[in-house]
Amino acid sequence: MEKGYNFTKDDKGIPCVYHEWQSLNGETLGNLFSPSKYSRSGDDPDQVIEQYVKNTDERSIETRSSLKGELNVSVGGNTRQTVDLFIPENVSQDAPVLVFYHGGYWQFLSQVDKISDSEKAFSFIPRIKNQEVKYLYKLYDSKESHSMVARHLVPLGAIVAVAGYTIAPKGSVTQMIQECKEAVAFCARRYPKSRGIFVSGHSAGGHLAAMVLTTDWEKEFGLPSNLIKGACPLSGVFDLRPLVTTYINEPLHLTSTSALESSPVAHIPKIVANSKHCKIRCLYGDHEPPSFEIMCIQFCQLLREEGMDISCQKVKDADHFELFLSVWEEHSVVTKKVLYELLGKKRKRERSDPTIKVGFSYLAEKKSICSSRVAFSRGKMKKERNDEKNK
């Protein structure tokens, strides 16, 4: 059980994480909200991002090549407002749907050779030393680098929709939130008999998943009010106010007012009103920046106090990036939370599972012992009959 926090409130009466950092300058806050500076590898922050993007890129390419899917399906009027759908073979009509939102601090991080110098300046990666390292930017801001989340979900019968949205500087955070809601509405209409839609996301995507829970689906989209059955934010950002004075905000243009309006902690009553039926499972790594840990714990505490089914789990031996990469492993904490707790999918037993081999060995050994005992008993009975005949 995570420790609790005593909340202070701002002048509007909203519980906040912001007071923890209120006396710090923008540079210090920027460091405290930079996961690459807290990596377990201890590498230079640029190298941390480079390796992370390389890993997600390669694994997502492999996922797209192995699963049936429909890519870049438009769900709205903007170019980036698309979803990549990964669909099981012989999919059932009531298959659960997971809508996943990528991270990247809501902003532009495309390949270096495809963006202008002015756009490069908006990168949240501080002080890039080598502008020739294209992997620093490649795909990190896009749904394409997050296809790997579907790897274990789809074979067990779940539909996965990896959603794109209009990132900064072209899109505002408010616009991104709306587009993420529209992605859910699209999936609900496309799969009307699904037994449930679930949302998840990593980092900035975790923030967007939390904001989607504020939606009044019946009022805004004419959909059932209990549309979303569960959520799993991974290393989510639940209070945007501390970011206003940091380098992260350069392309976002958040003000104190808009940052508050876009913060899940400012919408606890809406989440309770519209998503009280949901299971919410928040996860963060034990090597996250302290800001991420505090935000996660406080967000969960606020909702738990309102009677919601929510938990907050610190994952051992995982930094901000390793937490998402662990979806590649079937038996990771993240995969288990999404697959077996939220979606209700049963884990398939592996043929190579050593416990199965031990079990079969035990049965074979037991059978052998039993056979020996039967043979011995039969031999003893036969000897006794022969002895009686010879008397």
Side-chain angles (χ1 to χ4, degrees), residues 53 56-88 91 95-111 114-115 119 122 137-151 153-154 158-192 194 197-212 215 217 220-221 223 227-228 231-234 251-252 324 327:
V53 176
T56 58
D57 189 3
E58 292 175 348
R59 295 174 188 183
S60 292
I61 289 172
E62 182 177 335
T63 300
R64 288 195 296 275
S65 67
S66 62
L67 296 178
K68 173 186 175 183
E70 298 179 43
L71 306 182
N72 296 313
V73 179
S74 177
V75 300
N78 297 309
T79 304
R80 294 181 67 94
Q81 204 177 349
T82 61
V83 294
D84 288 346
L85 295 170
F86 297 94
I87 306 165
V91 61
V97 179
L98 176 74
V99 182
F100 187 89
Y101 306 111
H102 67 79
Y105 262 144
W106 309 279
Q107 57 197 271
F108 197 91
L109 288 172
S110 295
Q111 283 182 277
K114 290 187 178 180
I115 62 177
E119 287 170 327
F122 283 123
Y137 297 92
K138 187 178 180 184
L139 294 178
Y140 183 48
D141 67 327
S142 68
K143 59 181 171 55
E144 286 79 15
S145 63
H146 292 71
S147 304
M148 58 183 283
V149 76
R151 184 188 189 204
L153 297 163
V154 173
I159 298 167
V160 175
V162 185
Y165 49 90
T166 305
I167 51 178
K170 290 185 177 180
S172 66
V173 175
T174 301
Q175 178 182 342
M176 298 176 212
I177 294 169
Q178 182 60 31
E179 290 180 359
C180 288
K181 293 179 180 182
E182 290 172 7
V184 171
F186 168 84
C187 291
R189 290 172 178 137
R190 185 179 178 107
Y191 303 106
S194 170
I197 292 182
F198 302 80
V199 293
S200 181
H202 177 238
S203 196
H207 157 267
L208 293 168
M211 288 301 294
V212 164
T215 311
W217 296 103
E220 294 185 38
F221 295 94
L223 293 167
L227 180 65
I228 296 181
C232 187
L234 307 175
L252 300 174
F324 175 69
V327 302

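The figures here come from the full heavy-atom set of this structure, side chains too, leaving out hydrogens, waters and symmetry mates. Just so it is clear, the structure is predicted and the values come from calculations on it, not from any experiment. Each residue takes its place number in the sequence, starting with 1.
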Closest non-hydrogen atom pair between A95 and S194, with its separation: O-OG, 2.7 Å

Donor-acceptor pair between T166 and E179 side chains, under 3.5 angstrom: yes

Residues that R190 engages under salt bridge (charged side-chain N to carboxylate O under 4.0 Å, His left out), provided they are two or more places apart: E70

Y165 side chain vs H102 backbone, donor-acceptor pair below 3.5 Å: yes

H207/Y101 aromatic ring centres below 6.0 Å: no

Heavy-atom closest pair, residues A168 and L252: CB-CD2, 3.6 Å

Residues in side-chain contact (heavy atoms from CB on, under 4.5 Å) contact with A204, at least two apart in sequence or another chain: W106

Under 3.5 Å side-chain donor-acceptor pair for N78 and K170: no

Between F221 and F186, ring centroids under 6.0 Å: no

S60 side chain to S145 backbone, donor-acceptor under 3.5 Å: yes

Atom of V149, atom of L153 and distance for their closest heavy-atom approach: O-CD1, 3.2 Å

Nearest atoms (heavy-atom pairs only) where D84 meets L71: OD1-CA, 3.4 Å

Ring centre gap for F100 and H202 strictly below 6.0 Å: no

Contacts of type side-chain hydrogen bond (donor to acceptor under 3.5 Å, both in side chains), residue S147, not counting sequence neighbours: R64

C187 versus V97, closest heavy-atom pair with distance: CB-CG1, 4.2 Å

Where I228 and V212 come nearest, the two heavy atoms and their spacing: CD1-CG1, 3.5 Å

